[in-house]
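Let me begin by presenting the structure, written as structure tokens, before commenting on it.
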Amino acid sequence: MDFIASLVTPQVRDLAWACFSAPPVLARGLPDAHAELIDVTPALDTQRIHWLRTLDKNPRALLEYLEVRRGARLGIYFEQLWHFFLQQDSDMDMIAHNVPVRDSGQTRGEFDCLYHEQGNDRPVHLEMAVKFYLAVTRTSGETIWLGPNRRDQLDTKLSHLLSHQTRLSDHPVAAAVLSDHQVVRPRRALALRGYLFQPWQSTTPSPPGFNVQTSLYHWLPHDQLETYLLTRDAQAYRTLPKARWLAPANLTDPGDSPLSREALPAMLATRLDALGGPVMVSELSARGTEASRFFVTPDGWPEDTIAA
């Protein structure tokens, strides 16, 4: 992660994080996972490091690629970063992406990406997802992992990925779609990225499949923020708009000015009132790179969900 954080261009940093960071959850061992499912994290080898450094110095190709395909959703941006990598990497051969599977006019799903990897005789069907979940303990004692908008849960998303999206090639009408792209018996693969947040001052069980190579970050309500900041040794803080939730932040990134420990609570009070939902905050080290991150939520969040 130190190499990824060192990249100067935000979009190149996002590209490196999307493709080469560790998944927060390893899906292969979960009950709904197919026996052949692969958790994809390409090796960040010397050749790819050189490619990223060169791209960081001259990011025009990536910026133009993203500009032509600009989308409003963070998930679309995440997919586009993967598409660019698969088209540029010497070990990968992109076949197609965003291929719909329709049955009598009804869409049954979409192949996020189909590609060949050098040295492997079977093509790959890759599904991609980027997610952010906060651990919430219900009054029943059950822990759920909830998206910032409260409409998304980790267990529900994983179930859909494993029982539907990664198994799309099993659908009877999918064979003809794959044949059109000269793809036979593709391997099933998943690129899941994101961050998991547990409540400050309480320990919650890790979710099933939690990848111990990743971290559990914190979330806290605004009324605990001043006390929380006294426990931190960050040099400055940045609030992150959703478009900048992927890779670690940097002091030089465009956007809101970095804030001191003293200025952050008042600024967040205004931001939380405007958004009505959690705000992501990046802690910046003395080097100007992200040391950690956390969510600050409105007091009482998530209200109606916590008692369910």
Side-chain angles (χ1 to χ4, degrees), residues 1 4-5 7 9-19 21 23-25 62-63 65-67 69-84 112 128-136 145-154 156-157 161 191-198 214-222 225 234 236-259 264-265 267-284 289-298 301-303 305:
M1 189 66 84
I4 295 174
L7 297 167
T9 308
Q11 293 86 347
V12 177
R13 204 180 319 134
D14 284 344
L15 169 66
W17 180 88
C19 296
S21 68
V25 172
L62 174 61
L63 299 183
Y65 182 90
L66 295 171
E67 179 64 26
R69 297 158 181 82
R70 181 185 295 180
R73 291 173 49 209
L74 186 62
I76 299 299
Y77 172 58
F78 176 75
E79 289 184 11
Q80 290 165 352
L81 294 169
W82 264 95
H83 297 162
F84 182 83
D112 278 357
M128 295 168 276
V130 59
K131 290 293 178 179
F132 309 84
Y133 292 105
L134 294 75
V136 173
W145 293 84
L146 199 63
N149 63 10
R150 301 185 302 174
R151 294 191 298 270
D152 186 18
Q153 287 187 209
L154 175 60
T156 303
K157 179 59 181 177
L161 280 167
L192 177 64
R193 301 290 185 270
Y195 298 86
L196 300 176
F197 301 81
Q198 62 181 354
T214 63
S215 299
L216 287 173
Y217 297 86
H218 291 145
W219 74 265
L220 59 143
H222 183 262
L225 179 59
Y237 299 87
R238 297 196 74 149
T239 59
L240 302 180
K242 192 169 184 179
R244 298 258 55 88
W245 282 8
L246 301 188
N250 192 295
L251 184 65
T252 61
D253 291 346
D256 294 344
S257 299
L259 295 165
L264 182 63
M267 185 273 187
L268 277 178
T270 302
R271 182 69 59 86
L272 289 166
D273 284 342
L275 291 179
V279 175
M280 182 97 75
V281 180
S282 172
E283 298 181 354
L284 299 175
T289 56
E290 180 174 300
S292 189
R293 59 177 53 192
F294 56 91
F295 265 121
V296 178
T297 71
W301 186 94
E303 298 99 7
T305 307

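No experiment lies behind these values; they were computed from the predicted model shown. These values consider heavy atoms only, across backbone and side chains, with no hydrogens, waters or symmetry-generated copies.
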Is the side chain of Arg193 donor-acceptor paired with the backbone N or O of Ala129 at a distance under 3.5 Å, no angle test?
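No, Arg193 side chain to Ala129 backbone: no donor-acceptor pair under 3.5 Å.
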Without swapping roles, check the side chain of Arg293 against the backbone of Val281 for a donor-acceptor pair under 3.5 Å.
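Pair absent, no side-chain N/O of Arg293 close to backbone of Val281.
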Nearest non-hydrogen partners of [X] and [Y], listed with the distance:
X: Gly147; Y: Tyr133; value: N-CD2, 3.6 Å
X: Leu272; Y: Gly277; value: CD2-O, 3.3 Å
X: Pro258; Y: Ala236; value: CB-CB, 4.0 Å
X: Ile4; Y: Pro248; value: CG2-CD, 4.3 Å
X: Pro10; Y: Pro254; value: CG-CD, 4.1 Å

For the atom pair [atom1] ([X]) and [atom2] ([Y]), what is the distance rounded to the nearest 0.5 Å?
X: Leu134; Y: Thr297; atom1: CG; atom2: OG1; answer: 8.0 Å
X: Gln80; Y: Glu67; atom1: CD; atom2: CD; answer: 10.5 Å
X: Thr289; Y: Leu7; atom1: OG1; atom2: CG; answer: 11.5 Å
X: Leu240; Y: Glu290; atom1: CG; atom2: CD; answer: 6.5 Å
X: Lys131; Y: Leu192; atom1: NZ; atom2: CG; answer: 9.5 Å
X: Cys19; Y: Asp14; atom1: SG; atom2: CG; answer: 10.5 Å

Pairwise side-chain contact, [X] with [Y], heavy-atom cut-off 4.5 Å (strictly under):
X: Val136; Y: Pro302; answer: yes
X: Tyr217; Y: Gln198; answer: no
X: Phe197; Y: Leu216; answer: no
X: Ser282; Y: Leu284; answer: yes
X: Leu15; Y: Trp82; answer: no
X: Leu268; Y: Tyr237; answer: no
X: Met280; Y: Thr239; answer: no
X: Met128; Y: His83; answer: yes

Passes side-chain contact (heavy atoms from CB on, under 4.5 Å), Val25 versus Thr214? Steps please.
CA-CA 9 Å; Val25 172; Thr214 63; over 6 Å; no
Could you tell me whether Asp253 and Arg238 make a salt bridge, using a distance below 4.0 angstrom between a side-chain N and a carboxylate O?
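Result for this pair is no, no salt bridge flagged.
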What residue among Trp145, Trp245, Trp219 forms ring pair (Phe, Tyr, Trp, His ring centres under 6.0 Å) with Phe132?
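It is Trp245; the other options fail the test.
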Taking the six-membered ring for Trp, is the centroid-to-centroid distance between Trp17 and Tyr195 below 6.0 Å?
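That pair passes the under 6.0 Å test.
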With side-chain contact (heavy atoms from CB on, under 4.5 Å) as the test, would you mind laying out the steps for Leu154 and Leu146 before giving the verdict?
CA-CA 7 Å; Leu154 175 60; Leu146 199 63; over 6 Å; no
Go through the side-chain N and O atoms of Ser292 and Glu283 and say whether any donor and acceptor fall under 3.5 Å apart.
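Per modelled atom types, Ser292 and Glu283 side chains form no pair under 3.5 Å.
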List the residues meeting salt bridge (charged side-chain N to carboxylate O under 4.0 Å, His left out) with Lys157, not counting sequence neighbours, and say none if there are none.
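Lys157: no salt bridge (charged side-chain N to carboxylate O under 4.0 Å, His left out) contacts found.
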